[in-house]
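Taking it in order: structure first as structure tokens, then the write-up.
Because the structure is a prediction, the values reported are computed rather than measured.
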Amino acid sequence: MKHVMLFSALLGLAAAPAMAASAPTQPATQAQTNYPTATFMGTWTVRAEVPPFIVAGNKAMGPAARLLVSVPEIYSATIGESRFSLARKSGSVWSGTQNNTTLTFTLVSQNAGQIVITNTNGHRVDVPLYRNDP
């Protein structure tokens, strides 16, 4: 009898993920978050020992708003650019181009994001970031 109860419990646990997977989900476009500009600003880093990306904002509102990104030397030496001015593309994405190099900053959450740097010659750098504000 003890084995039957244990088997029933295990069978119930095994079925739970399958039932959860069959539940309808929202498309990703509907679940996108609109983060305020201030949420993007601050210092962002990969690890504590790597110099951070510094993100500041201008005082403009609406379409004139810009994020100003200072790229650490470890990356700027490779990509050839040390500063970018980004414009809002969506609620969680800002992007800007400087001399054939595009930097796109996407927030995954309020404390995690990703910078993707692409060049017209095909080079691409993906940098997962975490908030590093004191």
Side-chain angles (χ1 to χ4, degrees):
M1 184 68 169
K2 188 176 186 181
H3 294 307
V4 172
M5 291 176 57
L6 180 61
F7 179 73
S8 297
L10 289 176
L11 185 59
L13 290 175
M19 286 187 252
S22 65
T25 59
Q26 289 182 343
T29 56
Q30 290 179 357
Q32 189 173 23
T33 304
N34 287 320
Y35 293 102
T37 303
T39 307
F40 289 84
M41 293 188 273
T43 57
W44 296 83
T45 190
V46 178
R47 300 186 309 260
E49 63 270 5
V50 176
F53 284 80
I54 311 274
V55 181
N58 65 359
K59 294 184 186 222
M61 305 272 300
R66 295 287 181 267
L67 288 180
L68 309 170
V69 179
S70 296
V71 179
E73 188 176 339
I74 191 170
Y75 296 106
S76 66
T78 304
I79 63 172
E81 299 296 332
S82 61
R83 295 185 183 271
F84 287 87
S85 175
L86 311 182
R88 186 181 286 273
K89 299 299 178 190
S90 72
S92 61
V93 178
W94 289 69
S95 185
T97 301
Q98 186 78 17
N99 297 325
N100 298 323
T101 303
T102 301
L103 185 141
T104 302
F105 183 22
T106 305
L107 277 189
V108 177
S109 72
Q110 290 186 358
N111 293 313
Q114 179 166 0
I115 283 184
V116 176
I117 304 167
T118 54
N119 193 299
T120 55
N121 64 10
H123 289 110
R124 177 182 171 116
V125 177
D126 292 317
V127 185
L129 297 173
Y130 301 94
R131 188 171 294 282
N132 191 31
D133 292 330

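The line from CZ of Phe53 to OG1 of Thr43 is 12.0 Å long, rounded to the nearest 0.5 Å. Between the CG atom in Leu103 and the CG atom in Leu67 there is a gap of 10.0 Å [rounded to 0.5 Å]. Here CG of Leu86 is found 10.0 Å from CD of Gln98. Values are rounded to the nearest 0.5 Å. Once rounded to the nearest 0.5 Å, the distance linking CE of Met41 with CD1 of Ile54 reads 13.5 Å.
Taking all atoms of both residues into account, the shortest heavy-atom contact from Trp44 to Leu129 is CB-CD1, 3.8 Å. Counting all heavy atoms, side chain and backbone alike, Thr104 lies closest to Ser95 at OG1-OG, 3.1 Å. The two residues Pro52 and Asn132 make their nearest non-hydrogen contact at CB-ND2, 4.4 Å. Closest non-hydrogen pair, Phe84 versus Ile79, comes out as CE1-CD1, 4.0 Å.
For Trp94 (side chain) and Ser90 (main-chain N/O), no donor-acceptor pair under 3.5 Å exists by modelled atom type. Asn58 places a side-chain N or O within donor-acceptor distance of the main-chain N or O of Ala64, the cut-off being under 3.5 Å.
Counting heavy atoms from C-beta outward, Arg83 and Val71 have side chains that stay 4.5 Å or more apart. The side-chain heavy atoms of Phe105 and Val127, taken from C-beta on, include no pair separated by under 4.5 Å. Side-chain contact between Leu68 and Val55 is absent, with no heavy-atom pair separated by less than 4.5 Å. Looking only at side-chain heavy atoms (C-beta outward), Pro51 and Thr45 stay at 4.5 Å or farther from each other.
Between the side chains of Ser82 and Ser76, no donor-acceptor pair of N or O atoms lies under 3.5 Å. Between the side chains of Thr97 and Thr102, at least one donor N or O lies within less than 3.5 Å of an accepting N or O.
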List the atom pairs, with distances to 0.1 Å, where a side-chain N or O of residues 110-120 and a protein N or O form a donor-acceptor pair under 3.5 Å, not counting sequence neighbours.
from   : atom 1 : to     : atom 2 : distance (Å)
Asn111 : OD1    : Arg131 : NE     : 3.4
Asn119 : OD1    : Asn121 : N      : 3.1
Asn119 : ND2    : Thr101 : OG1    : 3.0

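Side-chain heavy atoms closer than 4.5 Å link hydrophobic residues (I, L, V, M, F, W, Y) into clusters, and following such links, even through other members, never connects Val93 to Tyr130.
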